[in-house]
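One structure is given below, encoded as structure tokens.
Both counts, for ligands and for their atoms, begin at 1 and track the order of listing.
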Amino acid sequence: MEQTFIMIKPDGVQRGLIGDIISRFEKKGYYLKGMKFMNVDKSFAQQHYADLSAQPFFAKLVDYIISGPVVAMVWEGKDVVLTGRRIIGATRPWEAAPGTIRGDHAVEVSRNVIHGSDSVENGKKEIALWFPGGLAE
Ligand code: ATP
Ligand code: MG
């Protein structure tokens, strides 16, 4: 079954959005397969966002991700990668539809609450990076 990697970013944790976010994925009908609360260091954040290393905002993005604890999760279900991205909403919160997580909870692209894998292949890579010990059976 398809899986995706979802991370609640430090602003989402600090603002008390963990329950709301988990609830949206659960109510949709997806299954939580792994979850941990953790602090990541700079090199780990750089690895996670390696594809964006040439972007002018890369250093700021990494500083944001390491600014506090995050919640790393694996969710599973039919089309969960694409549908998960639709539940999250557009990258730029002002383009995110009301009813999406970013549409309801964010205004700044540099503090947009949550990450979701953008393809099945990247989902597999991110799950391997964040859950190197694998998932509970
Ligand atoms: P994510 O990978 O976090 O789920 P995304 O796939 O919607 O987000 P990406 O293009 O992968 O968008 O960008 C990764 C993250 O980089 C964005 O979620 C956002 O926090 C940050 N970001 C993107 N563009 C900008 C920008 N212009 N200024 C500051 N931060 C940005
Ligand atoms: Mg992305």
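Within the 4.0 Å heavy-atom criterion, neither part of Arg111 lies near ligand 1. Within the 4.0 Å heavy-atom criterion, neither part of Lys60 lies near ligand 1. The backbone and the side chain of Thr91 each have at least one atom closer than 4.0 Å to an atom of ligand 1 (non-hydrogen atoms only).
The shell of residues lying under 4.0 angstrom from ligand 1, judged by heavy atoms, includes Lys9.
Follow the hydrophobic side-chain contacts under 4.5 Å out from Trp130 and you never reach Phe37; the two are in separate clusters.
Residue pairs meeting the ring pair (Phe, Tyr, Trp, His ring centres under 6.0 Å) criterion with at least one member in residues 69-95, sequence neighbours excluded: Phe25-Trp75. Residue pairs satisfying the side-chain hydrogen bond (donor to acceptor under 3.5 Å, both in side chains) criterion with at least one member in residues 55-74, sequence neighbours excluded, are listed as follows: Asp11-Tyr64.
Within ligand 1, the atoms closer than 4.0 Å to a non-hydrogen atom of Tyr49 are 1 (P), 2 (O), 3 (O), 14 (C), numbered from 1 in the order shown. Close contacts between ligand 1 and Arg102 involve ligand atoms 1 (P), 3 (O), 4 (O), 7 (O), 8 (O), 18 (O) [criterion: under 4.0 Å to a heavy atom]. Interface atoms of ligand 1 facing Leu52, defined by a heavy-atom separation under 4.0 Å, are 11 (O), 13 (O), 14 (C). Those atoms of ligand 1 with a heavy atom of Asn112 less than 4.0 angstrom away are 17 (C), 18 (O), 19 (C), 20 (O). Atoms of ligand 1 lying under 4.0 Å from at least one heavy atom of Arg85, given by number and element, are 4 (O), 5 (P), 6 (O), 7 (O).
A donor-acceptor pair is defined here as one N or O able to donate and one able to accept, closer than 3.5 Å; no such pair exists between the side chain of Lys28 and the backbone of Val80. Judged by distance alone, with hydrogens and angles left aside, the side-chain atoms of Tyr30 form a donor-acceptor pair with the main-chain N or O of Lys78 at under 3.5 Å. For Asp104 (side chain) and Pro98 (main-chain N/O), no donor-acceptor pair under 3.5 Å exists by modelled atom type.
The protein heavy atom nearest to atom 15 (C) of ligand 1 is Leu61 CD1, 3.8 Å. Protein heavy atom at the shortest distance from atom 22 (N) of ligand 1 is Phe57 CE1, 3.5 Å. From the protein, the heavy atom lying nearest to atom 4 (O) of ligand 1 is His115 ND1, 2.9 Å.
Inclusion of Tyr64 in the set of residues having an N or O under 3.5 Å from an N or O of ligand 1 is not warranted. An N or O contact shorter than 3.5 Å links Val109 to ligand 1 by distance. Geometrically, ligand 1 and Ser110 share no nitrogen or oxygen pair separated by less than 3.5 Å. At least one N or O atom of Gly116, backbone or side chain, sits closer than 3.5 Å to an N or O atom of ligand 1.
A salt bridge is absent between Asp51 and Lys125; no separation between the charged side-chain nitrogens and carboxylate oxygens falls under 4.0 Å. Salt-bridge check for Arg111 with Glu108: failed, with every basic side-chain N at 4.0 Å or more from each acidic carboxylate O.
By the 30° and 60° cut-offs, the orientation of the rings of His115 relative to His48 is perpendicular.
Note: Asn122 CG to Asp118 CG = 4.5 Å, rounded to the nearest 0.5 Å.
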